[in-house]
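In what follows, a structure is listed as structure tokens, so that the remarks can point back to it.
The analysis underlying the following values was restricted to heavy atoms, covering all of them including side chains, and did not include hydrogens, waters or symmetry mates. All residue numbers in this chain count up from 1 along the given sequence.
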Amino acid sequence: MSTIEHRHEPHADGRLPSLRMLVRLMANQPVRYPVSLVLWTGIWSSGLVVAVIVERFFDGIEAGGPAGWTVTVAVGGLLLWIVVRVASILFGMRWHARVLFRAGAAMQRNMLRWIFGLPGARPVREAPGEVVSRFRDDVDHTLEAMDLSVDFSGAIVSATVAFVLLVAVDPVLAGVAFAPMVVVLVVVWVLSARIRAYRECARAATEAVTGFLGESFSAAQSIKVAGAEDAVLARFDVLNERRRAMMVRDRTLTAATDTMGESTGTIGTGLVLVLAAGTIGATGGLSVGEFALFATLMGQTSFAAFFIGTFLARIRQAGVSFERMVDLMDGGQWQDLTRHNVLESPLSAATRTRPAPGHADAPLVSVRGLSHVHPDGEGGVRDVDLDVNEGQLVVVTGRIGSGKSTLLQTLLGLLPADRGRLEWRGVEVTDPGAFMVPPIAAYTPQVPRLFSMALRDNLEMGESYGDRALWTAIEAATLRADLDTMPAGLETLVGPRGMRLSGGQVQRSAAARMLVRRPDLLVFDDLSSALDVETEALLWEQLFDGSEPATALVVSHRRPALSRADLVVVLDHGVVVDRGTAQELRDRSEAFRDLWG
């Protein structure tokens with residue numbers, strides 16, 4: 001299997017191209033986004049209509065009230081404009097909300113798909129709280145920039161048209177009126193690096209708080225046993241104080257740039273009033289209507305300046321969130337985050353079917369020269385040869401750190417094989433990670449995970465097997481007696497990570513989840529470690545003494561599994577040092593006798 005390389009496509013300064021990423025999100029909706037863009041540009045530009053109405057009305061009054069621009073006509077025109085604008089805004093908000101939802105859901109889906117596509121034994125580096133922060137907060141912050149992009153377009157168009165109209169009236173005053181807006185935009189651009197840096201610190205501080213909080217909740221028992229409540233709370237106070245300081249700094253700078261944008265219209269109008277006050281209505285000066293046009297358009301352009309400046313700030317801040325999300329996708333590129341998604345399609349379109357029959361006389365699964373060395377160069381397995389025939393129980397045993405779990409995970413494709421060949425019924429398997437899944441093979445890890453939902457949902461995991469299949473699997477996993485003591489039965493809520501169940505109940509629930517899928521090969525990693533000897537013996541009896549004995553590859557060091565095994569494989573430092581039945585190994589293998597006790 002080939003490993004995934006960690007490669008981004010940054011700018012020369014090492015940052016991801018946030019504007020290109022934003023444009024890619026827009027391009028993923030070739031109809032919805034352009035409609036939203038045109039709609040909001042029209043809503044923005046419609047404000048120019050008010051300026052024209054006001055100018056004509058006051059010019060009409062100054063000229064003695066020419067026909068066609070009476071109070072009734074002016075008020076009627078404004079009311080019509082208000083009705084159309086409100087209706088357009090309501091429709092535009094609803095339409096644009098769908099655009100933003102699809103963009104956000106697509107990024108979340110791409111991150112989730114990438115994480116699920118990583119080798120199964122390599123979890124994400126971040127704590128659960130940090131992952132949640134990136135899926136929620138960083139997506140939201142990215143969408144802020146996309147949300148403002150339509151306002152940015154409308155602001156540019158309306159400000160340009162307003163500037164042209166004002167230049168036609170008085171070029172000098174138009175330049176003076178727009179000067180504050182230009183200054184604000186320059187200031188925002190100069191501060192963009194600091195805006196970005198503040199946002200990076202604020203997001204990192206927030207992530208530290210959420211991550212620590214998640215870890216504290218998951219380790220509540222350990223904290224209480226160690227009497228570390230005060231220390232944990234003190235650490236939480238330190239992280240919160242840092243977050244407060246970073247958030248205040250980030251929000252203060254953001255509010256300052258927003259305020260500068262909002263004030264440009266007032267400043268511009270004040271400058272026009274100072275420069276032109278003495279000439280309003282005079283010959284060669286501004287008419288009352290023209291001054292009204294200036295005042296109205298400056299109000300329009302003040303909003304334009306605000307949104308233009310805000311968008312420029314948000315695009316820099318969005319770059320921080322883009323980088324954090326891509327970093328979560330270990331080995332991913334920014335194109336993977338912004339890839340187009342059809343949200344109505346299932347997350348995984350792969351159809352899992354049983355393979356062709358293969359060779360009847362071949363082992364069910366066979367590996368030759370299978371090797372995986374951990375990235376640090378220590379541990380792993382080397383040149384393992386192993387056959388598992390149909391109906392066999394094969395047990396892999398060895399000391400701690402001998403490579404038992406690594407062998408199972410490499411065989412299943414959860415870890416990439418450095419070399420070796422895997423065959424299923426004599427047919428080579430080129431992608432074990434995609435092939436060795438139900439209904440071919442199913443795996444219960446050393447520390448199985450349950451989710452905070454009903455036991456039934458934990459067993460079915462989105463599928464629908466029916467009560468008969470569920471109870472058959474429950475019986476085989478020796479879980480029936482436990483369920484009889486649960487008042488809600490299969491609807492029992494197991495709590496986060498199955499904390500309401502005992503360790504043995506969690507392991508047997510995971511086994512039942514595997515068995516209900518009726519795979520050809522069962523793979524257990526030390527399943528019986530939390531079971532008493534009688535329960536473990538009953539479990540193996542249920543699996544192998546029926547009319548259809550299972551085929552299983554098991555990691556174990558306990559006698560019930562070793563005694564029943566058709567083949568025991570002894571690993572030492574990642575190498576197979578012996579194999580045979582338990583009796584054979586007791587007679588000739590000192591390493592096995594040490595394990596047997």
Is the backbone of [Y] close enough, under 3.5 Å, to the side chain of [X] for a donor and an acceptor to pair up by distance?
X      : Y      : result
Asn458 : Leu450 : no
Thr410 : Leu415 : no
Arg339 : Asn110 : no
Arg517 : Arg513 : yes
Gln446 : Asp525 : no
Asp526 : Ser556 : no
Arg136 : Val131 : no
Asp594 : Ala591 : no
His372 : Pro416 : yes
Gln542 : Thr478 : no

In terms of side-chain geometry, is the basic nitrogen of [X] or [Y] positioned less than 4.0 Å from the acidic oxygen of its partner?
X      : Y      : answer
Glu241 : Arg244 : yes
Arg203 : Asp250 : no
Asp327 : Arg134 : yes
Asp387 : Arg368 : yes

Answer whether the closest heavy-atom distance between the side chains of [X] and [Y] falls below 4.5 Å.
X      : Y      : answer
Arg508 : Thr535 : yes
Val506 : Pro448 : yes
Asp385 : Val576 : no
Arg235 : Ser216 : no
Asn389 : Asp566 : no
Asn341 : Gln108 : no
Glu229 : Ile223 : yes
Leu408 : Leu553 : yes

Please give me the minimum heavy-atom distance between [X] and [Y], naming the atom from each residue.
X      : Y      : result
Thr338 : Asn28  : O-ND2, 2.8 Å
Ala511 : Ala477 : CB-CB, 4.1 Å
Leu143 : Met107 : CD2-CE, 4.1 Å
Leu337 : Phe322 : CD2-CD2, 3.9 Å
Leu364 : Asp520 : CD2-O, 3.7 Å
Leu493 : Ala454 : CD2-N, 3.6 Å

Using a cut-off of 6.0 Å, state whether more than 12 heavy atoms not belonging to [X] lie near its atom [atom1].
X      : atom1 : value
Glu428 : CD    : yes
His374 : NE2   : yes
Met93  : CE    : no
Asp237 : CG    : yes

Does the salt bridge (Lys or Arg N to Asp or Glu O under 4.0 Å) test come out yes or no for Arg382 and Asp418, once each step is laid out? CA-CA 9 Å; Arg382 296 171 176 82; Asp418 298 327; over 6 Å; no
Look at the aromatic rings of Trp424 and Phe435 and report parallel, tilted or perpendicular, splitting at 30° and 60°.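 Trp424 and Phe435: perpendicular rings.
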Any chance you could measure [X], atom [atom1], to [Y], atom [atom2], to the nearest 0.5 Å?
X      : Y      : atom1 : atom2 : value
Glu144 : Gln317 : CD    : CD    : 7.5 Å
Met453 : Leu459 : CE    : CG    : 9.0 Å
Asp138 : Leu328 : CG    : CG    : 9.0 Å
Thr206 : Asn240 : OG1   : CG    : 9.5 Å
Lys404 : Thr406 : NZ    : OG1   : 9.0 Å
Thr210 : Leu239 : OG1   : CG    : 10.0 Å

Side chain to side chain contact (heavy atoms under 4.5 Å, CB included) between Leu483 and Leu455, intermediate numbers included: CA-CA 10 Å; Leu483 255 74; Leu455 182 60; 3.5 Å; yes
Just one of Val429, Val394, Leu521 clears the side-chain contact (heavy atoms from CB on, under 4.5 Å) bar with Val365, so which one?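 Going through Val429, Val394, Leu521 one by one, the side-chain contact (heavy atoms from CB on, under 4.5 Å) with Val365 is satisfied by Leu521 alone.
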Test side chain to side chain contact (heavy atoms under 4.5 Å, CB included) on Asp383 and Arg419 and set out the steps. CA-CA 8 Å; Asp383 300 317; Arg419 60 182 179 275; 3.2 Å; yes
Glu536/Trp540 under side-chain hydrogen bond (donor to acceptor under 3.5 Å, both in side chains): CA gap, chis, key distance, verdict: CA-CA 6 Å; Glu536 181 184 356; Trp540 299 126; 3.2 Å; yes
Who passes salt bridge (Lys or Arg N to Asp or Glu O under 4.0 Å) against [X], sequence neighbours left out?
X      : answer
Arg579 : none
Arg456 : Asp467, Glu491
Arg251 : none

Single hit among Arg586, Arg593, Arg588 for salt bridge (Lys or Arg N to Asp or Glu O under 4.0 Å) with Asp578: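 Result for salt bridge (Lys or Arg N to Asp or Glu O under 4.0 Å) with Asp578: Arg588.
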Take Arg399 and His557 through the side chain to side chain contact (heavy atoms under 4.5 Å, CB included) test and state the conclusion after the steps. CA-CA 9 Å; Arg399 296 184 183 280; His557 63 279; over 6 Å; no
Test side chain to side chain contact (heavy atoms under 4.5 Å, CB included) on Leu543 and Leu393; report intermediate values, then the result. CA-CA 10 Å; Leu543 290 178; Leu393 169 60; over 6 Å; no
